[in-house]
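Data block below; observations after.
Model, not experiment: these values are computed from the prediction. Start at 1 and go down the list; that is how both ligands and their atoms are numbered.
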Amino acid sequence: MVFVRIYNIVFAANKKTCIFADSFIHQMPFSIISDEFLLPSPLVRLEDEYTSAAGVALYLKREDLIHQQISGNKYRKLFYNLHQARAEGKQTLLTFGGAYSNHIYATAAAGYLHGFQTIGVIRGEATEPLNETLAFAQAAGMRLHYASREAYRHKTEAEFIEKLRHEFGDFYLVPEGGSNAFAVRGCEQIISELEQEFDYVACACGTGGTLAGLVVGLLQQNKKANVLGVPVLKGADFLYQDIAKLLADYQQVYNIDYNLPQAAAARFELFLDYHFGGYAKRNQDLDKFIVWFQAKHDVPIEFVYTGKILFGIYDLIKKEYIRKGQKVVIIHTGGLR
Ligand SMILES: Cc1ncc(COP(=O)(O)O)c(C=O)c1O
């Protein structure tokens, strides 16, 4: 299968090549994956009638511009995982995701650029032709392995993983959504790139890994901001527990000498009512907001993650939860291809 796509790369400032873009690129017959990385990601001010009326200084950290295929939190989450895989001498990355998973797409690209074999365990039945996500992943060399919805439910269990090792040999396991202690460490770097102080840092939440990283960054770097999270799933209060677990793992892996989950609990809040019906659900209010925002600020956003966090933050400004004189940065976690 030949898969060719042409990308226009127009990043002029602060261009930097990093871990993913190393010597493996020359092994490719042709490049379908960009080797350009934009770091630190740009911070842009969002000024409009709502922010001006409220007297709120709103910023957007354009993590979506980091890379064409490994954008936003995918870059952050994979960065230390790939380092770890390399340190453990692994040659193969195995991960999990749905047929439209941004994480599957980005892992295939990162593995390709960095010289790892990749295996994607995909939830559900194989369908032909492959959708754009899976076609790209396969073209980037990812081996696709389909697991029934029932089998997929066991993806974190030792027996299931053992079966995969038996079938595919040794691999470095990146969990679904990429969230683990190494991902948290990667997302922490977003805070390192913020030179100013903020009252709030805000992000959309799926697994909570990105939010956990932001909180750790603020704690470790003695910054005063609190984190506001907007889960995109309905009924996502389980995230408090999941985030505490991620932080406990991080504490163990990185030998933190204080109770990290406890310290973190006081530094973030989840707003559970901006899910619009659940994952990838939308309504007219959200669609109208997205059309307005994109026209006003000329920044592409999507309805699954960034549309919901932006809608939530504008609503919190309207409701004066975010008050006059406060400074807020929203993390644009990507999700656009
Ligand atoms: C574009 C985008 N934004 C935000 C998230 C949520 O991140 P997390 O799972 O770390 O909460 C995801 C899911 O990984 C995503 O793909």
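Short contacts between ligand 1 and G209, defined as distances under 4.0 Å to a heavy atom of the residue, involve ligand atoms 8 (P), 10 (O), 11 (O). Here is the list of ligand 1 atoms found below 4.0 Å of a heavy atom in G335: 1 (C). Residue G334 approaches ligand 1 through these ligand atoms, each under 4.0 Å from one of its heavy atoms: 1 (C). Under a 4.0 Å criterion applied to the non-hydrogen atoms of G208, ligand 1 contributes the atoms 8 (P), 9 (O), 11 (O). Near K74, with a cut-off below 4.0 Å to any heavy atom, the atoms of ligand 1 are 12 (C), 13 (C), 14 (O), 15 (C), 16 (O). Ligand 1 places these atoms under 4.0 Å from at least one heavy atom of K77: 7 (O), 8 (P), 9 (O), 10 (O), 14 (O).
Ion pairing between a basic and an acidic side chain is recognised when a charged N comes within 4.0 Å of a carboxylate O; E193 and K61 show such pairing. Between E320 and R323, none of the side-chain N atoms (NZ, or NE/NH1/NH2) sits under 4.0 Å from a carboxylate O, so this pair counts as no salt bridge. Using a 4.0 Å cut-off between charged nitrogen and carboxylate oxygen, E49 and K296 count as a salt-bridge pair. A salt bridge is defined here as a Lys NZ or Arg NE, NH1 or NH2 lying under 4.0 Å from an Asp or Glu carboxylate O, and E63 with R76 meets this definition.
Using a non-hydrogen distance threshold of 4.0 Å, G72 does not register as a contact of ligand 1.
Protein heavy atom closest to atom 6 (C) of ligand 1, with residue, atom name and distance, is G206 N, 3.3 Å. The protein heavy-atom contact nearest to atom 7 (O) of ligand 1 is N73 ND2, 3.0 Å. The protein heavy atom nearest to atom 9 (O) of ligand 1 is T207 OG1, 2.6 Å. Protein heavy atom nearest atom 3 (N) of ligand 1, with residue, atom name and distance: T333 OG1, 2.6 Å.
In the hydrophobic clustering (ILVMFWY side chains linked at under 4.5 Å, chained through shared members), L164 is joined by L94, F96, I119, V121, Y152, F160, I161, F168, F171, L173.
Interatomic distance, CG of L316 versus CD of Q326, reported as 11.0 Å (0.5 Å rounding). Rounding to the nearest 0.5 angstrom, the gap separating the CG atom in D64 from the OG1 atom in T333 is 8.5 Å.
Remark: E176 engages R123, K155 in a salt bridge (charged side-chain N to carboxylate O under 4.0 Å, His left out) (not counting sequence neighbours).
Between C205 and ligand 1, no pair of N/O atoms sits closer than 3.5 Å. At least one N or O atom of N102 sits closer than 3.5 Å to an N or O atom of ligand 1.
Closest approach of H67 and S34 over heavy atoms only: NE2-O, 2.7 Å.
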